[in-house]
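Data first, discussion second: the structure below is written as structure tokens.
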Amino acid sequence: MKAVVQRVTRASVTVGGEQISAIGRGICVLLGISLEDTQKELEHMVRKILNLRVFEDESGKHWSKSVMDKQYEVLCISQFTLQCVLKGNKPDFHLAMPTEQAEGFYNSFLEQLRKTYRPELIKDGKFGAYMQVHIQNDGPVTIELESPALGAATSDPKQVLLVVACGTPPQSDLTNGAMSMPRIQTGETLGCCSGARELNHSTTGLAPIFNL
């Protein structure tokens with residue numbers, strides 16, 4: 001699942017010359033659903049969208065508040081073209097979820113947004129319709145979101161992975177509170193705070209992972 005989130009001062013959707021939905025300050029979400037998306041990806045995207053910190057706080061500090069913190073509005077637009085792949089210069093959409101499945105999935109996405117936030121603040125376009133979307137981007141601020149690939153581990157930027165050559169690393173000075181690293185053998189499983197890692201490379205070893 002992919003989403004393009006834009007911080008807006010206002011946004012609206014028009015179908016056949018008639019405005020069907022509009023918001024003031026908040027975010028506009030363009031959502032592309034893929035063939036592989038499940039309830040897990042749906043819930044992940046809802047959490048990310050509603051907790052994305054693209055607004056300033058009361059003191060003017062940027063990137064501090066989410067749309068929920070500010071009690072702003074959300075306008076959602078289904079956009080299968082986000083699942084485009086190019087064949088030369090021609091867009092191909094075979095990765096997008098078929099319309100008959102995607103409509104129900106998209107409605108579930110809206111329902112989850114409303115359940116998690118305030119229903120009256122979640123607005124929508126018209127699924128499958130030819131729409132004109134009017135967006136007044138504030139900033140401009142545009143953030144791309146994508147649900148994790150199937151089976152992918154969630155990365156933690158607070159973890160450091162230390163890579164050393166197989167052999168005996170330099171011994172740390174324990175009097176300064178540092179941790180000495182033992183010799184690492186190829187194929188050895190290491191226990192560490194974030195789980196064991198198995199080494200299968202003939203020339204490179206991994207030291208334990210430390211949380212900062």
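Side-chain heavy-atom separations under 4.5 angstrom define the hydrophobic clusters, and L35 shares its cluster with no other residue.
Applying the side chain to side chain donor-acceptor pair (under 3.5 Å) test to E43 and every residue at least two apart in sequence or in another chain returns Q39. Partners of D57 under the side chain to side chain donor-acceptor pair (under 3.5 Å) rule, at least two apart in sequence or in another chain, are S59. Every salt bridge (Lys or Arg N to Asp or Glu O under 4.0 Å) that E120 has, sequence neighbours left out, goes to R118. Partners of E73 under the side chain to side chain donor-acceptor pair (under 3.5 Å) rule, at least two apart in sequence or in another chain, are K123. Legend: residues meeting side-chain contact (heavy atoms from CB on, under 4.5 Å) with R53, ordered by chain and number and at least two apart, are absent. In this structure T142 satisfies the side chain to side chain donor-acceptor pair (under 3.5 Å) test together with N137, sequence neighbours excluded.
You'll find the side chain of C84 reaches within 4.5 Å of the side chain of L86, heavy atoms only. Counting heavy atoms from C-beta on, the side chains of M131 and I77 come closer than 4.5 Å. By the 4.5 Å heavy-atom criterion applied to side chains, C76 and F109 are counted as neighbours. Between M68 and L50, some side-chain heavy-atom pair lies under the 4.5 Å cut-off. Using a 4.5 Å cut-off on side-chain heavy atoms (C-beta onward), M45 and E146 make no contact. Proximity of S108 to L42: side-chain heavy atoms (C-beta onward) are separated by under 4.5 Å at one or more points.
Within the structure, the ring pair (Phe, Tyr, Trp, His ring centres under 6.0 Å) test picks out no pair touching residues 6-36 (sequence neighbours left out). For residues 82-93, the set of pairs meeting the salt bridge (Lys or Arg N to Asp or Glu O under 4.0 Å) definition, not counting sequence neighbours, comprises K87-D92. Among residues at least two apart or in separate chains, ring pair (Phe, Tyr, Trp, His ring centres under 6.0 Å) pairs with a member in residues 78-97 are F80-F93. Within the structure, ring pair (Phe, Tyr, Trp, His ring centres under 6.0 Å) contacts touching residues 110-147 (residues at least two apart or in different chains) are Y106-F127.
Linking Ile, Leu, Val, Met, Phe, Trp and Tyr whenever their side-chain heavy atoms come within less than 4.5 Å puts M1 and I143 in one cluster. The hydrophobic clustering, which links ILVMFWY residues whose side-chain heavy atoms are closer than 4.5 Å, places W63 and L145 together. The hydrophobic cluster containing L75 does not contain V46, counting ILVMFWY residues as joined when their side-chain heavy atoms lie under 4.5 angstrom apart, directly or transitively. One hydrophobic cluster, built from ILVMFWY side chains closer than 4.5 Å, holds both V67 and L121. Neither V141 nor V4 shares a network with the other; the hydrophobic side chains, linked directly or stepwise wherever heavy atoms of I, L, V, M, F, W or Y lie under 4.5 Å apart, form separate groups for each.
Shown here is R10, whose CZ atom has no more than 12 heavy atoms of other residues, nucleotides or ligands within 6.0 Å. Within 6.0 Å of NZ in K48 there are 12 or fewer heavy atoms belonging to other residues, nucleotides or ligands.
Residues S34 and E36 have side chains that never bring a donor and an acceptor to within less than 3.5 angstrom of each other. With hydrogens and angles left out, the side-chain atoms of E41 and T38 include a donor and acceptor closer than 3.5 Å.
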| said: Between I49 and V5, does the side-chain contact (heavy atoms from CB on, under 4.5 Å) criterion hold? Intermediate values first, please. | reply: CA-CA 8 Å; I49 288 168; V5 180; 4.3 Å; yes

| request: Tell me, with the steps shown, if K61 and E56 meet side-chain contact (heavy atoms from CB on, under 4.5 Å). | output: CA-CA 5 Å; K61 182 179 179 182; E56 59 186 33; 5.9 Å; no

| Given D37 and F105, is the side-chain contact (heavy atoms from CB on, under 4.5 Å) satisfied, shown in steps? | CA-CA 9 Å; D37 286 331; F105 194 93; 3.7 Å; yes

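Remark: T99 OG1 to I33 CD1 distance equals 10.0 Å, nearest 0.5 Å.
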For residues 13-31, dump all side-chain donor-acceptor pairs below 3.5 Å to protein atoms at least two apart in sequence or in another chain.
from	atom 1	to	atom 2	distance (Å)
S21	OG	D124	O	3.1
R25	NH1	Y72	OH	3.4
R25	NH2	D138	OD2	3.1

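The two atoms that bring T116 and Q112 nearest to each other are OG1-O, 2.8 Å, heavy atoms only.
A donor-acceptor pair is defined here as one N or O able to donate and one able to accept, closer than 3.5 Å; no such pair exists between the side chain of N107 and the backbone of G104.
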